[in-house]
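First listed ligand is number 1; within each ligand, the first listed atom is number 1.
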Amino acid sequence: MSWDRRQRAMLAEMGYRLPAVREAGDAAAVAAAAGAPAEPAPEPEPIVVAAPPPAVLRVAAPVAPPVAAGAPSGFAGLDLPALREAVPACRACGLCEQRRHAVFGVGAAPQAPWLVVTDPPDDADDASGEALGGDAGRLLDRMLLAAGQRRSGADATAFVTPIVKCRPPRGRAPQPAELDACEAVLARQVELLRPRVVLALGLQAARRLTGLAEPLGRLRGRVHAWRDLPVVVTYHPAYLLRSPADKAGAWDDLCLARRTTASP
Ligand code: SF4
């Protein structure tokens, strides 16, 4: 696979050093490898996958769990703006009790080729109502840009939303009934945004969407299925900030997601 100067700069910004840095004449890659600041990101370009898509291991789709009794009702007919307005009033599970803000998500509309589903909102998300802000959000934006995607602007292609919209108390993992209840919201987002691939960020999002209670490392590197959509698992950006050595693995995951969307 070949990368242009912009993508090399983005990869360097993620902390990933391309082996192709040895190529003569690639000043951007050489500068990045030397630790020089990456050049400002130009406007995104169409995704070009030079290599043919490799064989992808597809696993059997887990059966989507039934939506729990008491799950949000009336979401089915809502468009995206109406759904965004309805979610902050949702009281379908106990997570509504201590939330400050529900986190609906942000990104491309009315359609989003990439749907990024993150772990539940953290304290900062709960305070702001925004999905994945701060340093982790900036890293996610750089990761998406390196993959030719973006979640903001008129040409946005990705939508970022948490697996449950309200923060579990003290940051605990959401309980199965809470995940079941909030899947009604996520399912409606999927119907409206019509993504071509789902990128699961973090262990809790990954386990829910794959239906597999395995370590994150075992869920990466293959394409799962959820509601007839391909799902690729990768690290949460907050983890990558603490463990930058795993950024190379995250880049592998983004490449897998790209190849998935390029597959017929
Ligand atoms: S987590 Fe989801 S289902 Fe539960 S109250 Fe919040 S929006 Fe409703």
Proximity of R99 to ligand 1 by residue part, where a heavy atom lies under 4.0 Å: side chain
Residue C93, metal atom 2 (Fe) of ligand 1, N/O/S under 2.8 Å: no
Proximal ligand 1 atoms for C182, defined as those under 4.0 Å from one of its heavy atoms: 1 (S), 2 (Fe), 3 (S), 7 (S)
Salt bridge (charged side-chain N to carboxylate O under 4.0 Å, His left out) against R138, all qualifying residues, sequence neighbours excluded: D135
Over 12 foreign heavy atoms within 6.0 Å of CZ, R170: no
Closest heavy-atom pair and its distance - H101, D126: ND1-O, 3.0 Å
Ligand-side contact atoms (ligand 1) for residue partner C96, heavy atom cut-off under 4.0 Å: 5 (S)
Verdict with supporting geometry, L254 and L199, side-chain contact (heavy atoms from CB on, under 4.5 Å): CA-CA 8 Å; L254 292 172; L199 188 66; 3.8 Å; yes
Atom 6 (Fe) of ligand 1 to nearest N/O/S of C90 below 2.8 Å: no
Which residues share a ring pair (Phe, Tyr, Trp, His ring centres under 6.0 Å) with Y235, sequence neighbours left out: Y239
